[in-house]
Each structure stands twice: as structure tokens, then as C-alpha cells.
Amino acid sequence: SHELTINGLAALEVISAQVSEDPASGKQSEIAIQSVYIQYGGIIYVFHGVTLPADKTTYKSYFDKTMRGFRELKDQSKINVLPERIKIVKVPKTGTLGQALLALGVTTDHHRELAILNGMDVTDQVKEGLSIKILTKT
């Protein structure tokens, strides 16, 4: 382990390995772990990168980029985001779920997730007046 500074914050990096043994076969397996602990605002945040030992060097740059990219968020457009809420609405006209979502102003890039939220496929038929769930920020 070694102490370091990440974007002006005190941090500690620990490289370790975990070895486990299958009780039935006696076969051992190992994983490599890169952990970074970062102190920020009185809280210690931890990031773990886990891989097979043979892939350690392949993934180290990805782990480093994520872990060493930690810093205080100052972008107001990301801080002041409103949560999405589920809203129950009535289908305006008989057709497919996708057509109903379009009629309700839902862009096509959100149709699949809303189909899942409603337990349907985008192509499923829905009748006028049926209650469905959409997401809204209001």
C-alpha cells in the first residue's frame, strides 16, 4: 500500500490478491484487487478494481482512470438534476405501447425502458384508457 494525493485529496492505494479454495476439489483460484481509498468531506470513499491476475496489466489503466478521476463535482447542470418520478397516465388512443408513448411525448430512446417498467413489449397492443407508467421530472 502507499499514500498518494488524488486531485488534492488524501488517498491510499492497496494492491492485493484473494485466494480461495473449492472445498470439494481443492482447486485454488485467485483474483487481483486494486483498491483506492479517498478522503473527501469527512467520508472515505473506496473504489475496487477486480480482475484475474493475468489481466491485471490490461485493466490497470482503466482502474486508474476511474479511481484517480475522483474529484469534487462543481458542474451545476449535474448537481441540480431533478429525479425522475413514475407517473400513471391513461393511454390516449388504442394502438401499440410505442404509439401510446409517442402520443404522450415520450421520445423513442426511452420506449424500451418504459416497456420494461410496464411489463410489456413496445409492440404490445394497449387500449384507450388503460393506465400505464411513464417517467417525469415534475
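Values in this document were obtained by computation on a predicted structure and should not be read as measured data.
For the side-chain contact (heavy atoms from CB on, under 4.5 Å) test, residues two or more places apart in sequence or in another chain that qualify with Asp109 are Thr107. Under the side-chain contact (heavy atoms from CB on, under 4.5 Å) criterion, Gln28 pairs with Val19, Glu21, not counting sequence neighbours. With sequence neighbours left out, Thr5 forms a side-chain contact (heavy atoms from CB on, under 4.5 Å) with no residue at all. Under the side chain to side chain donor-acceptor pair (under 3.5 Å) criterion, Thr66 pairs with no residue, sequence neighbours left out. Under the side-chain contact (heavy atoms from CB on, under 4.5 Å) criterion, Ser20 pairs with Ser29, sequence neighbours left out. Annotation: side chain to side chain donor-acceptor pair (under 3.5 Å) contacts of Gln76 (sequence neighbours excluded): Asn80. Residues satisfying the side chain to side chain donor-acceptor pair (under 3.5 Å) criterion with Asp75, sequence neighbours excluded, are Ser77.
A pairwise comparison of heavy atoms in Met67 and Ile38 identifies O-CD1, 3.5 Å as the closest pair.
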Can I get a per-line list of side-chain donor-acceptor pairs under 3.5 Å for residues 120-135, giving both atom names and the distance, sequence neighbours left out?
residue: Asp124; atom: OD2; partner: Asp121; partner atom: N; Å: 3.0
residue: Ser131; atom: OG; partner: Lys90; partner atom: NZ; Å: 3.1
residue: Lys133; atom: NZ; partner: Leu117; partner atom: O; Å: 3.3

Considering only distance and modelled atom types, tabulate donor-acceptor pairs under 3.5 Å from the side chains of residues 48-63, sequence neighbours left out.
residue: His48; atom: ND1; partner: Ser35; partner atom: OG; Å: 2.7
residue: Lys60; atom: NZ; partner: Asp64; partner atom: OD1; Å: 3.1
residue: Lys60; atom: NZ; partner: Asp64; partner atom: OD2; Å: 3.1

For residues 81-88, tabulate all N or O donor-acceptor pairs below 3.5 Å that involve a side-chain atom, not counting sequence neighbours.
none

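Side-chain heavy-atom separations under 4.5 angstrom define the hydrophobic clusters, and the remaining members of the one that includes Val46 are Leu12, Val14, Tyr37, Ile44. Cluster partners of Ile116 are absent, since no Ile, Leu, Val, Met, Phe, Trp or Tyr has side-chain heavy atoms less than 4.5 Å from it.
His111 places a side-chain N or O within donor-acceptor distance of the main-chain N or O of Val106, the cut-off being under 3.5 Å.
The structure places CG of Leu101 at 10.0 Å from CD of Glu113, a figure rounded to the nearest 0.5 Å. With rounding to the nearest 0.5 angstrom, the OH atom of Tyr45 is 10.0 Å from the CG atom of Leu9.
Using cut-offs of 30° and 60° on the angle between ring planes, the pair Phe70 and Tyr40 is perpendicular.
More than 12 heavy atoms of other residues, nucleotides or ligands shown are found within 6.0 angstrom of NZ on Lys137.
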